[in-house]
Amino acid sequence: MAAAIIDGKAVAAEVKERVAAGVEEFVAARDGDVPGLATVLVGDDPASQIYVTSKRRQTEEVGMRSIHEQLGAETPEDELLELIEALNDDETVDGILVQLPLPEQIDQDHVVAAIDPAKDVDGLSATNAGLLAQGRPGLVPCTPQGVIELIRDAGTEIAGAEAVVVGRSILVGRPLSALLLGADATVTVCHSRTRDLAAVCSRADILVAAVGSPRMVTAEMVKPGATVIDVGTNRTDDGLVGDVDFEAVGEVAGAITPVPGGVGPMTIAMLLSNTIAAAFARPR
Ligand code: NAP
């Protein structure tokens with residue numbers, strides 16, 4: 001393999017060390033007050049349970065308090081909105097994370113809109129998305145923030161680079177394109193209606209795939225020496241694979257993230273980073 005492999009686990013561990021140091025500083029400055037992250041899980045989806053358990057464990061590992069609210073799968077929207085209201089008002093809660101997806105009787109947009117933007121550590125509210133779009137400080141979605149950390153870790157200069165993001169979701173593609181633009185890249189965002197995706201991708205110094213289509217980015221689509229970040233997580237008969245054909249693209253790219261072990265570990269690390277930032281920013 002010609003490309004350097006970007007080690008998401010190692011970068012995530014560094015981020016968590018920074019967060020743990022921040023927590024110690026916070027506790028010392030605030031008379032023993034400990035930052036708190038509230039997780040809310042509605043229903044018993046096994047994958048969501050695994051994610052929430054991992055988030056809670058890592059919250060405690062960095063010295064923060066984990067508060068967990070478990071609601072039944074049949075919970076009406078009103079009840080969830082009341083719980084969020086209570087968490088918004090709770091002085092000991094600095095961040096609120098409602099695990100998605102939600103059961104069908106609940107409108108995700110209503111829930112995200114109900115979270116106090118100062119505690120919106122997922123960065124999905126219209127307020128935080130608007131601040132990011134305007135290049136102003138706010139809470140930024142975790143996965144795209146993790147992608148930026150990985151690009152920097154690879155030693156890739158973002159300013160002036162041609163960056164191509166494949167995918168335009170509110171969770172990944174859109175906020176990532178705003179972050180890259182904010183870091184002075186020349187950004188192109190591709191989606192399912194893009195004409196000649198291969199030609200657009202092959203211009204990229206920085207190529208990020210966030211689609212959810214196994215190994216769709218092939219070696220022919222990659223500029224030699226490019227930094228390639230694979231956000232995709234696809235469960236296939238071969239196990240978990242990304243959106244990038246890792247083996248073939250690794251022969252062309254300058255640096256590449258593996259799946260698993262690339263972007264995945266960064267998402268929770270950035271959630272913890274957002275929580276300590278929210279704790280410092282919020283007057284108590
Ligand atoms: P999403 O909401 O389904 O968005 C997928 C995007 O890909 C859409 O913008 C879609 O275009 C575009 N797309 C679909 N087919 C395409 C094609 N043939 N060519 C170009 N673009 C195409 O997905 P998401 O939430 O952003 O997630 C993307 C992937 O990242 C998934 O595999 C997800 O599991 C993974 N993910 C991983 C993490 C992590 O922590 N590792 C976090 C979040 C997501 P349209 O807008 O035109 O439909």
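Note that the coordinates shown come from a computational prediction; the quantities given were computed from them, not determined experimentally. As a basis for the values below, the full set of heavy atoms in this structure was taken, side chains included, without hydrogen atoms, waters or symmetry mates. Note that ligands are numbered from 1 as they come in the structure, with each ligand's atoms numbered from 1 the same way.
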Lys223: salt bridge (Lys or Arg N to Asp or Glu O under 4.0 Å) partners, not counting sequence neighbours:
Asp205
Is any side-chain heavy atom of Leu139 closer than 4.5 Å to one of Leu131?
no
With sequence neighbours excluded, residues passing side-chain contact (heavy atoms from CB on, under 4.5 Å) with Ala129
none
By salt bridge (Lys or Arg N to Asp or Glu O under 4.0 Å) - contacts of Arg152 (at least two apart):
none
Side chains of Asn274 and Gln145 only: does a donor on one sit below 3.5 Å from an acceptor on the other?
yes
Tabulated below should be the N or O atoms of ligand 1 paired with protein N or O atoms at under 3.5 Å; can you produce that?
from     : atom 1 : to     : atom 2 : distance (Å)
ligand 1 : 9 (O)  : Arg168 : N      : 2.8
ligand 1 : 11 (O) : Ser192 : N      : 3.2
ligand 1 : 21 (N) : His191 : O      : 3.4
ligand 1 : 21 (N) : Ser192 : N      : 3.4
ligand 1 : 26 (O) : Ser169 : OG     : 2.5
ligand 1 : 30 (O) : Val231 : O      : 3.4
ligand 1 : 32 (O) : Thr233 : N      : 3.1
ligand 1 : 32 (O) : Thr233 : O      : 3.4
ligand 1 : 34 (O) : Thr233 : OG1    : 2.6
ligand 1 : 40 (O) : Thr267 : OG1    : 2.8
ligand 1 : 46 (O) : Arg168 : NE     : 2.7
ligand 1 : 47 (O) : Arg168 : NE     : 3.4
ligand 1 : 47 (O) : Arg168 : NH2    : 2.8
ligand 1 : 47 (O) : Ser192 : N      : 3.1
ligand 1 : 47 (O) : Ser192 : OG     : 2.5

Thr59 and Arg65: side chain donor to acceptor below 3.5 Å:
no
